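Some notes on the structure that comes next.
Below, chain A is the first sequence line, B the second, and so on; all start at residue 1. Everything numeric here is computed off the predicted structure, so don't read it as measured data.
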Number of protein chains: 2
Amino acid sequence: MIDAELYRVFNTVATCGTVSAAAEALFVTQPAVSKSIRKLEELTDCRLFIRSSKGVRLSTEGQILFEYVKKGFEHLQNGEQVLKKIRNREEGLVRVGISSTLCRYYFIPHLEAFHQRYPGIRITIVNRTSPETLKLLEGGLIDFGIISIPKKRSPFVYRELLTIRDVFVAGRDFPGLQGPVPLQALGQYPLMMLEKDNVTRQYIDAYLTENGAMLQPDIEIGSLDFLVEFARIGLGVALVIRNFIDDELRFGLLREIEVTPAPPPRQIGIVMPANLPLSVAAKAFIDALCPQVRP
Amino acid sequence: MIDAELYRVFNTVATCGTVSAAAEALFVTQPAVSKSIRKLEELTDCRLFIRSSKGVRLSTEGQILFEYVKKGFEHLQNGEQVLKKIRNREEGLVRVGISSTLCRYYFIPHLEAFHQRYPGIRITIVNRTSPETLKLLEGGLIDFGIISIPKKRSPFVYRELLTIRDVFVAGRDFPGLQGPVPLQALGQYPLMMLEKDNVTRQYIDAYLTENGAMLQPDIEIGSLDFLVEFARIGLGVALVIRNFIDDELRFGLLREIEVTPAPPPRQIGIVMPANLPLSVAAKAFIDALCPQVRP
DNA sequence: ATCATGATATAACCTTGGGTTATGGTATAA
DNA sequence: TTATACCATAACCCAAGGTTATATCATGAT
């Protein structure tokens, strides 16, 4: 194929109507443009322009070529424009994998802030469990995930967002369990936890086993919402995430039950593919989530 | 706009899937391509490819850009192809202005030959009088015209095709007018000529006036066909073009009446715009009509 | 007629940027 | 481990494209 730059010059000259104007538009001198169109004419072996003292106009063959070249450069220019907008974060798409719980209690404010800051970037949220989120990440179906306690050693890279603590809570008027109590003491009360397949639950089960407490929950449910609600109306003792029930504690709707040993704190963080460049939009989102500098 | 050559390299790499293959396709070395895509990435400030030891693949932004660039270069390549076909005379259009008489008696065999030689070139024939043909030429609506006795001094250039002679003819058994006769002698017979607005007629009128013969035709008609036919059935003496009644003379259907002085021979020729390049197709046609070399 | 203007063409020269060769790093397959 | 195929980097080089200067031509105004 002929040097695409020659077509660009041709396109500009045909559009401008004079060689001089085209030269100005291309930020080069007039002889340079003259030379270029002459060269294109030699390569195509076709007279493309009719020169006169008033400027140039397209020959029969030039007109035909111009129909194609014009369209071609419209596409190239559109592409350039779109890329520029993406670069300026005026357009784009970011696909996030996140559990329902984290979305509900942690993610929404960030989402809102990001959307206000970059209204042109569309956001896709895929609500799945952590293992499924990792699968999606592997398949390239999401840009990054937000999960808790990511396993080390995998083709992903992690970034901590927040340290969370698991705590036991009960309703305001729930009897007993005042002050620090041993873990085993909870066995006497109705216990409420998340479902088995939840990562949080698995973490807690490990913690319980480690401390020799064979506690089984009386109620299992998929959503933290319900746990909070059930505890509030006095159904029993619920295991919830401390960070997400600030309001209930402040307003006295729930009270925290201090157990020893307390469940060790853990992290939630971003997981993303290692060695794969993030899209501009995804990078912007992650920067908004944790604006620390990177090497 | 960014250097179009960089987009071409981008397009090739994206299509080939590896830098090395693209280099081969572009007839350059691999480092040259590496450098080009790096430069494009710098100019757009976007990572466009994800490199691996198996090759490269498009990043999110690269994919988006590629959608546009691909289409863009499809157009450019199509244009290049079409121009090549025009150059090879496999496609094209030639627009000829010619009178009905010349078309009927002179042009058709050439037309046929040209069409057989270049079946891909479409032909438009515009049947008009010579002055109208010149107008069309001026307006750029035809590529060239075929007319007789072009006036000198105009923004056109001429090329002779054929010398023609105007002769008087009568039917085989038409009485009298044997051997050379003076022009005035024709006044005794029914005279048949083309219509007033015909260039041939004007030429003959000037010839008659010049020779002091105030002859008026008894029959005027627009088509040479009818003149020939009328003479054949003995209606009178017709003024026709010698070159176009070869057959009738050979078969003895008509006989030529020698008058003194004879009308001076004149030419038919091609008229085309001066200083305007002809289209490839038009040039091919003219070359086929009179294959003489040009300066 | 004459001159001024604005357009393209041409020639000679210069420089920069794309291309080359050589080399190194890194996954993947044998 | 070796071998291979791929991409990145560095240093060098030279032609292609650009610049300046000038010629030429057509046009329109004085």
Side-chain angles (χ1 to χ4, degrees), chain A residues 1-44 46-59 62 138 153-157 273-277, chain B residues 1-44 46-59 62 138 153-157 273-277:
Chain A
M1 187 186 162
I2 292 175
D3 186 340
E5 271 297 278
L6 292 184
Y7 284 122
R8 186 157 75 97
V9 174
F10 170 79
N11 188 51
T12 311
V13 173
T15 306
C16 293
T18 78
V19 173
S20 319
E24 196 174 351
L26 293 165
F27 303 106
V28 295
T29 57
Q30 169 260 316
V33 175
S34 279
K35 217 194 256 188
S36 289
I37 61 179
R38 170 162 306 279
K39 184 170 181 191
L40 184 60
E41 286 180 330
E42 276 166 17
L43 289 172
T44 58
C46 271
R47 174 66 63 82
L48 297 174
F49 288 104
I50 298 164
R51 281 83 161 163
S52 79
S53 66
K54 299 186 74 77
V56 295
R57 60 180 217 276
L58 290 164
S59 71
E138 219 158 357
R153 193 71 205 118
S154 76
F156 303 118
V157 78
N275 302 326
L276 278 198
Chain B
M1 187 186 163
I2 292 175
D3 186 339
E5 272 295 280
L6 294 182
Y7 285 123
R8 185 158 75 98
V9 174
F10 170 80
N11 188 51
T12 311
V13 174
T15 305
C16 293
T18 77
V19 172
S20 319
E24 196 175 352
L26 293 164
F27 303 106
V28 294
T29 57
Q30 169 261 315
V33 175
S34 279
K35 217 194 251 189
S36 289
I37 61 178
R38 170 162 306 280
K39 184 170 179 192
L40 184 60
E41 287 180 328
E42 276 165 17
L43 288 171
T44 58
C46 270
R47 174 67 62 82
L48 297 173
F49 288 104
I50 299 162
R51 281 83 162 165
S52 78
S53 65
K54 299 186 74 75
V56 296
R57 60 181 216 276
L58 289 164
S59 71
E138 219 158 357
R153 193 71 206 119
S154 75
F156 302 119
V157 79
N275 303 325
L276 278 197

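- Taking 4.0 angstrom as the limit, A/R38 places none of its side-chain polar atoms (N or O) nearer than this to OP1 or OP2 of C/dT8.
- In terms of polar N and O atoms assigned as donor or acceptor, the side chain of B/K39 never comes within less than 3.5 Å of the base of C/dG18 in a complementary pairing.
- Distance B/L40 CG to C/dG18 C1': 15 Å, rounded to the nearest Å.
- B/I50 places its CD1 atom 19 Å from the P atom of C/dT26, with the value rounded to the nearest Å.
- Not one side-chain nitrogen or oxygen of A/R51 sits closer than 4.0 Å to the OP1 or OP2 atom of C/dA7.
- Here the C1' atom of nucleotide D/dG17 and the NZ atom of A/K35 are 6 Å apart, to the nearest Å.
- Counting heavy atoms from C-beta on, the side chains of A/K39 and A/I2 never come closer than 4.5 Å.
- Checking C/dT20, D/dC6, D/dG18 against the side-chain heavy atoms of A/S36 singles out D/dG18 as nearest.
- Checking side-chain atoms of B/Q30 against main-chain N and O of B/A23 turns up no donor-acceptor pair under 3.5 Å.
- For the pair A/E42 CD and D/dG17 C1', the computed distance is 14 Å after rounding to whole Å.
- B/T18 and B/G55 make their closest contact through CG2-CA, 4.1 Å (heavy atoms, listed as atom of the first residue, atom of the second, distance).
- In this structure the side chain of B/I37 never reaches within 4.5 angstrom of the side chain of B/L48, judged on heavy atoms.
- Not a single donor-acceptor contact under 3.5 angstrom links the side-chain atoms of A/Q30 to the base of C/dA7.
- The number of heavy atoms from other shown groups lying within 6.0 Å of CD (B/E24) does not exceed 12.
- Going from atom CZ of B/R57 over to atom P of D/dC6 covers 17 Å, rounded to whole Å.
- One can place CZ of A/R47 at 14 Å from P of C/dT8, the figure rounded to the nearest angstrom.
- As a whole-Å value, the separation of B/I37 CD1 from C/dG18 P is 14 Å.
- Phosphate contact (OP1/OP2 of D/dT19, side-chain N/O of A/T29, threshold under 4.0 Å): present.
- In this structure, the CD atom of B/E24 is 14 Å from the C1' atom of D/dA5, given to the nearest Å.
- Within the 4.0 Å cut-off from OP1 or OP2 of C/dG6, not a single side-chain nitrogen or oxygen of A/S20 is found.
- Which of D/dC7, C/dA9, D/dG18 sits closest to the side chain of A/S34 comes down to C/dA9.
- Each of C/dG18, C/dT20, D/dC6 was ranked by its minimum atom distance to the side chain of B/P31; first place goes to C/dT20.
- For the OP1/OP2 pair of C/dT8 and a distance below 4.0 Å, the side-chain nitrogens and oxygens of A/S53 include no atom meeting the criterion.
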